[in-house]
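The structure appears right after this line, and notes come after that.
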Amino acid sequence: MGVYVGSLLHNSKAEDVTLIDLSKEFDVIVVGAGAAGIGVGITLENVGVENFLIVDRDTVGSSFTSWPDETRFITPSFPSNSIGMLDLNSIAIGISPAFSMKVEHPNGKEFADHLLDIAKYFDLPILQNTNVKNISKKKNIFTLECDEGNLLANNLIWAAGEFQYPNLNIFKGSELCLHNSQVRSWEHLEGDEFYIIGGFESGMDAAVNLSKLGKKVNVLDRAAPWEEHTTDPSISLSPYTVERLREQINHGRIKLIDNADIQRITKKENQYSIKIKGKSKPYVSETQPILATGFKSSLTIVDKFFDWEPEKSYALINDEDESTKTPGLFLVGPQVRHENLIFCFIYKYRQRFGVVANSIGNRLGLDTAVLEQYRHEGLYLDDLSCCGDECEC
């Protein structure tokens with residue numbers, strides 16, 4: 001691919017960038033320049049890895065800029081480094097989004113700007129607007145096929161996330177719905193009453209924001225996640241969401257409907273018919289139903305390089321978050337899972353940055369002693385035995 005200019009290869013002044021030879025063989029390539037990719041990139045840099053590259057098909061933090069304008073982080077930011085606790089939305093030691101943005105619950109655009117500022121500060125080598133079309137491995141070398149040519153790496157970290165891969169094929173007629181990730185602002189939706197399919201975080205966020213606009217909202221879910229009581233925030237609604245939901249329910253504009261397993265959705269003229277399994281009478285909506293059933297994993301692009309749990313719900317990785325099938329391929333981000341331990345939020349998966357960096361650093365013969373500070377700051381969790389206990393109250 002020749003020689004390209006850039007640490008950040010877009011809108012950069014010549015004096016602000018370095019030369020990156022993309023024709024060489026990298027020690028590590030990180031796919032994805034979101035919170036996971038930037039966070040593990042900083043960790044690699046701190047360990048002393050110099051010959052690495054971060055690649056993204058779009059720009060730094062682009063998944064966050066795609067959030068609806070009203071959507072905010074459910075985890076609060078607080079600059080608490082002085083008392084030995086890292087900001088819940090931080091991805092690096094000494095960095096606090098709350099300190100730089102002065103916002104407790106940042107929206108997507110604010111956090112994307114934060115990631116870009118961090119990437120520039122640490123002078124991370126990032127190749128943006130580069131789509132990885134295919135990946136192969138031969139003789140311990142990964143080849144990433146891109147439109148401009150091939151990239152070569154000894155180790156590959158998959159940090160592509162999932163927000164850009166909405167799950168649109170859930171049931172018959174689901175293509176008639178509007179996925180919540182396709183909404184730029186809830187103010188743009190016309191109509192007085194809406195049906196939302198999916199009652200977890202994204203569904204409740206849609207319901208709350210529509211209710212704030214004076215709309216009637218019906219939330220359909222085959223379970224009842226709003227009644228789930230567990231200490232694992234990957235399963236139960238966050239306090240931030242419950243608080244906002246309670247306020248809007250008190251206004252009488254939100255109706256929560258459980259045991260609503262969608263069989264199909266049909267459209268006739270300007271009406272949508274939502275058929276529920278076991279119920280003879282469908283719900284009828286004058287507005288396009290909103291699909292809030294989550295996302296497909298970006299791992300579908302590289303699924304052949306992983307062994308999978310019997311029901312194909314998550315990829316199998318070893319204690320170093322390396323594929324049990326393909327040596328040298330590591331997983332970082334919201335898709336990391338170790339049996340019942342789900343690392344789907346920033347403050348969860350960032351705990352594994354140090355684990356991956358330690359593994360790669362050791363293979364490259366680097367001194368990884370710096371990671372002891374990562375352990376102290378909660379960015380290097382390698383003992384998972386403490387993660388499965390429920391609170392007693």
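Every value quoted in this text rests on a predicted model; they were computed, and no experiment measured them.
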Please check if any side-chain donor atom of [X] sits under 3.5 Å from a side-chain acceptor atom of [Y], or the reverse.
X	Y	answer
T143	N150	no
D321	H338	yes
Y374	N358	no
T130	E148	no

Crowding at [atom1], [X] (>12 non-hydrogen neighbours, <6.0 Å):
X	atom1	answer
R57	CZ	yes
E50	CD	no
N169	CG	no
K279	NZ	yes
N270	CG	no

Would you say [X]'s side chain and [Y]'s backbone share a donor-acceptor pair under 3.5 angstrom?
X	Y	answer
E110	M101	no
S181	P166	no
H105	T71	no
S174	F171	yes
Q351	K348	yes
E228	L237	no
E104	F78	no
N167	H179	no
W226	D258	no
S96	F99	yes

Atom of [X], atom of [Y] and distance for their closest heavy-atom approach:
X	Y	answer
D123	E45	O-OE2, 4.0 Å
S211	Q248	OG-OE1, 2.7 Å
F306	L316	CD2-O, 4.1 Å
I274	P289	CD1-CG, 4.1 Å

Run the side-chain contact (heavy atoms from CB on, under 4.5 Å) check on C177 and I265 step by step: do they pass?
-> CA-CA 8 Å; C177 300; I265 291 180; 3.5 Å; yes

Name the orientation class of the two ring planes belonging to W67 and F73 (parallel below 30°, tilted from 30 to 60°, perpendicular beyond 60°).
-> tilted

Could you label the plane-to-plane angle of the H114 and F111 rings as parallel, tilted or perpendicular, counting under 30° as parallel and over 60° as perpendicular?
-> tilted

[atom1]-[atom2] distance between [X] and [Y], expressed to the nearest 0.5 angstrom:
X	Y	atom1	atom2	answer
E70	N107	CD	CG	9.5 Å
R350	I91	CZ	CD1	10.0 Å
E377	S90	CD	OG	8.5 Å
I74	L88	CD1	CG	10.5 Å
K304	S323	NZ	OG	12.5 Å
L189	F194	CG	CZ	4.5 Å

Hey, mind stepping through V40 and F330 against side-chain contact (heavy atoms from CB on, under 4.5 Å) and telling me if it holds?
-> CA-CA 11 Å; V40 78; F330 296 84; over 6 Å; no

Got a salt bridge between K109 and D69, using NZ or NE/NH1/NH2 to carboxylate O under 4.0 Å?
-> yes

Do E372 and R375 meet the salt-bridge criterion of a basic N to acidic O distance under 4.0 Å?
-> yes

Taking the side chain as C-beta and beyond, is there a heavy-atom pair between I157 and L44 under 4.5 Å?
-> yes

Evaluation steps, side-chain contact (heavy atoms from CB on, under 4.5 Å), between L256 and M204 = CA-CA 10 Å; L256 305 178; M204 291 309 183; 3.8 Å; yes

Of L115, D113, N89, which is the lone residue that meets side-chain contact (heavy atoms from CB on, under 4.5 Å) with P97?
-> N89

Take W186 and N180 through the test side-chain contact (heavy atoms from CB on, under 4.5 Å) and record every step on the way to the result.
-> CA-CA 9 Å; W186 297 107; N180 68 288; 4.2 Å; yes

Mind checking what makes side chain to side chain contact (heavy atoms under 4.5 Å, CB included) contact with K216, not counting sequence neighbours?
-> E193

Test side chain to side chain contact (heavy atoms under 4.5 Å, CB included) applied to D56 - qualifying residues, sequence neighbours left out = A33, D58, S62

